[in-house]
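None of these values were measured; they are calculated from a predicted model. Residue numbers run from 1 in the order of the sequence given.
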Amino acid sequence: MATYGDHPELSAEVEAMLEKDVSTLFLKAGCVPRVKRGKIGEIELVDVEGEDVWSNLKMERLQSDLESSIEANQDRPDCFREIDRIGCLVLQLGDLRVTCATPPFSDAREITIVRPVVKLSLDHYQLDQRLIERLSDHHRGVFISGRPGSGKTTFAQAIAEYLDDEIGAMVKTMEAPRDLQLADRITQYAPLEGDLEKTAEIIFLIRPDFVIFDEVRRARDFEIFSDVRLAGVGLLGVTHANSALEAIQRLIGKVELGLVPQVLDTILHVEHGKIVKVLELRMVVKPPTGMQEDLSRPVIEVVEFPSGKVTHEMFAFGSEISVVPVDGAGGAGGAKSPVLRFARHGLCNAIRDMLHMRCEVDLVSTSQANVYVPDRMIGAAVGPQGSMVKDMEDETGISLQIKPMSEMPRHLKSTIDDETASGFDIQESRSRQSRAWEEHRGGKRKKGKRRR
């Protein structure tokens, strides 16, 4: 809607601060104006030279002028109030997004003006032709991940206009607030009645080929993303993450594991305006790397594109879901591969559920494990004629040996200390081996003779 570099004229003082390389202008009552300037990946925050502290009255006048500019440009489709709430006002003035905050929402009047400093086409990224062909198949679920200011939105704009111009796809966007600088025929939708789920319902009726979902952040956003994608609409989501793998992990838990590859099949990680990592997801049925054949299950492979190298595997183990590197190797001093380390934790939780007691597991190999229980609870863990152990072996598919916690090897204790998920504490272990622990688990208290 908005044209890059085009906006209604602002006051001379503000225009002077919006120099060519300035992406953001920060104004606050009682402070010297500051700007973010520089290229993507090389942005720095500096004070505006020659500017004094802005007064509250001056800030109020500027906000009034900005609101008047909206009224004076009613003929322009790119000038409107995006959000108008008590203490917060968001305006779109051409390619400028203006956010005004006032007390009691903020501690003082504040105005932030954001604008794009560059607009690129897909050709500028010099992508592998195989990746371009993958993006041209617009019936996909794609994430663009990266840190704030890394160039995610600029890249999303390039993909949207490529699909619109070169592929001939019908492209729409879902944004809150609308931030992309796109061709006029690409309609940008905001949350309908404040709810992006309602926006998604309307988008289904419009039947687009591809939807850009800018700023997928909250749990509900990921759920909406999956709903739209499972309806057969091609979808590209922009999300904050430190790595491509973290972007995948943000989706886990919001979507059933088996549906993840259908919702998301491509992740592009952006740093300093460049694509540094591309991953794809694919579902296979096999034993996770390092586990025996009879533990086959659905496994999601995380694959580097275009090399095809499998870097991680995602699978369910008991009630846990893991994302595990596949190239881990065993080491000295009791070190295990990443798969075995995770399996130890998952197996420990599963056995605790069956035994209803505190225990720790040392996964010796993919088919054998030692289970350490409080010294006084060995009989209960073994069961009559070993029935409890047999049931657990049938359930887990692993040979188990019950041992007292007093014999637990030192390397296992250090491993438990390192794995914060298991929360092992040696003092807690000792106390749970005491009679108080047995009594807490439901044992009968023996009556002792009282001193007279």
Side-chain angles (χ1 to χ4, degrees), residues 120-122 124-125 127-147 150-175 179-180 182 186 188-189 196 200 203 208-217 221-252 254-255 259-271 273-283 300-306 308 311-312 314:
L120 303 177
S121 68
L122 207 59
H124 287 87
Y125 291 91
L127 300 179
D128 187 296
Q129 184 59 37
R130 288 168 290 183
L131 179 56
I132 294 177
E133 292 173 359
R134 188 176 183 85
L135 294 174
S136 299
D137 177 10
H138 49 266
H139 300 292
R140 290 189 175 277
V142 181
F143 263 171
I144 297 177
S145 65
R147 300 179 181 89
S150 59
K152 303 184 300 297
T153 297
T154 303
F155 183 51
Q157 290 171 176
I159 293 176
E161 297 204 334
Y162 171 79
L163 292 173
D164 177 70
D165 295 335
E166 303 295 330
I167 305 302
M170 175 63 70
V171 181
K172 306 293 182 183
T173 76
M174 297 167 55
E175 305 172 60
D179 199 28
L180 299 172
L182 298 170
I186 299 178
Q188 299 172 253
Y189 295 103
L196 277 172
I203 282 183
D209 298 312
F210 201 78
V211 175
I212 307 292
F213 191 163
D214 195 22
E215 300 296 342
V216 183
R217 294 189 303 268
D221 294 339
F222 286 95
E223 293 172 0
I224 295 170
F225 183 96
S226 64
D227 289 343
V228 175
R229 180 69 196 99
L230 292 173
V233 178
L235 193 57
L236 184 150
V238 179
T239 188
H240 293 289
N242 291 319
S243 67
L245 188 63
E246 285 187 20
I248 301 172
Q249 290 173 314
R250 293 193 67 182
L251 187 64
I252 297 174
K254 288 86 172 179
V255 179
L259 296 178
V260 169
Q262 301 176 45
V263 172
L264 178 67
D265 58 43
T266 307
I267 305 93
L268 304 102
H269 188 66
V270 181
E271 289 183 7
K274 297 180 180 179
I275 310 303
V276 297
K277 176 79 74 174
V278 180
L279 299 177
E280 61 174 310
L281 302 181
R282 59 193 185 196
M283 174 76 79
I300 299 173
E301 294 181 332
V302 181
V303 184
E304 286 185 351
F305 183 88
T311 63
H312 293 76
M314 302 166 52

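Expressed to the nearest 0.5 Å, how far CG of Asp209 lies from NE2 of His139 amounts to 6.0 Å. Between the CD atom in Glu223 and the CG atom in Leu196 there is a gap of 12.5 Å [rounded to 0.5 Å]. Atom OG of Ser243 sits about 6.0 Å away from atom NE2 of His269, to the nearest 0.5 Å. If you take CG on Asp137 and CD1 on Ile132, they are separated by 14.0 Å, rounding to the nearest 0.5 Å. Atom CG of residue Asp214 and atom CD of residue Gln157 lie 8.5 Å apart, to the nearest 0.5 angstrom. The line from CZ of Phe305 to CD1 of Ile275 is 12.5 Å long, rounded to the nearest 0.5 Å.
Leu268 is listed as a side-chain neighbour of Leu131, based on a closest heavy-atom distance under 4.5 Å. Between Phe143 and Val238 there is no side-chain heavy-atom pair separated by less than 4.5 Å. Residues Met314 and Ile248 have side chains in contact (heavy-atom distance under 4.5 Å, counting atoms from C-beta outward). Side-chain contact between Val263 and Phe222 is absent, with no heavy atoms from C-beta onward closer than 4.5 Å. With a 4.5 Å cut-off on side-chain heavy atoms, Arg229 and Gln262 do not count as touching. Side-chain atoms of Tyr189 and Ile203, non-hydrogen and from C-beta on, do get closer than 4.5 Å to each other. Put simply, the side chain of Met174 does not reach to within 4.5 Å of the side chain of Lys172, judged on heavy atoms. Contact of the Ser226 side chain with the Leu259 side chain is not registered, since no non-hydrogen atoms from C-beta on lie closer than 4.5 Å.
Scanning all heavy atoms of the two residues, the minimum distance from Val270 to Phe155 falls at CG2-CD2, 4.3 Å. Nearest heavy atoms, Ser145 versus Ala244: OG-CA, 3.8 Å. Considering every non-hydrogen atom in both Ala158 and Ser121, the closest pair reads CB-C, 3.8 Å. Contact between Tyr125 and Leu120 at its shortest, heavy atoms only, is OH-CD1, 3.8 Å. Residues Arg250 and His240 share a closest heavy-atom pair of NH1-O, 2.5 Å. Nearest heavy atom pair, residue Val216 against residue Gly237, reads CG2-CA, 4.0 Å.
Identified under the side chain to side chain donor-acceptor pair (under 3.5 Å) test for residues 273-283, with sequence neighbours left out: Arg134-Glu280, Lys277-Glu304, Arg282-Glu301.
The backbone N or O of Val276 lies less than 3.5 Å from no partner atom in the side chain of Glu271, so there is not a single donor-acceptor pair. Between the Thr173 side chain and the Ile212 main chain, no donor and acceptor come within less than 3.5 Å of each other. Between the side chain of Asp164 and the main chain of Ala160, no donor-acceptor pair closer than 3.5 Å is present.
The residue from Val142, Val171, Leu127, Ile144 that alone fulfils the side-chain contact (heavy atoms from CB on, under 4.5 Å) condition with Ile159 is Ile144.
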Q) Should Val228 and Phe213 be marked as a side-chain contact (heavy atoms from CB on, under 4.5 Å) after you check the CA-CA gap, both sets of side-chain angles, and the distance that decides it? A) CA-CA 10 Å; Val228 175; Phe213 191 163; over 6 Å; no

Q: Go through Thr266 and Leu279 one step at a time and tell me if the side-chain contact (heavy atoms from CB on, under 4.5 Å) criterion holds.
A: CA-CA 6 Å; Thr266 307; Leu279 299 177; over 6 Å; no

(Q) Walk me through whether Phe210 and Ile186 qualify under side-chain contact (heavy atoms from CB on, under 4.5 Å). (A) CA-CA 11 Å; Phe210 201 78; Ile186 299 178; over 6 Å; no

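Around the CE atom of Met283, the shell of radius 6.0 Å holds more than 12 heavy atoms that belong to other residues, nucleotides or ligands.
Every side-chain contact (heavy atoms from CB on, under 4.5 Å) that Ile167 has, sequence neighbours left out, goes to Ser136, His138, Tyr162, Leu163.
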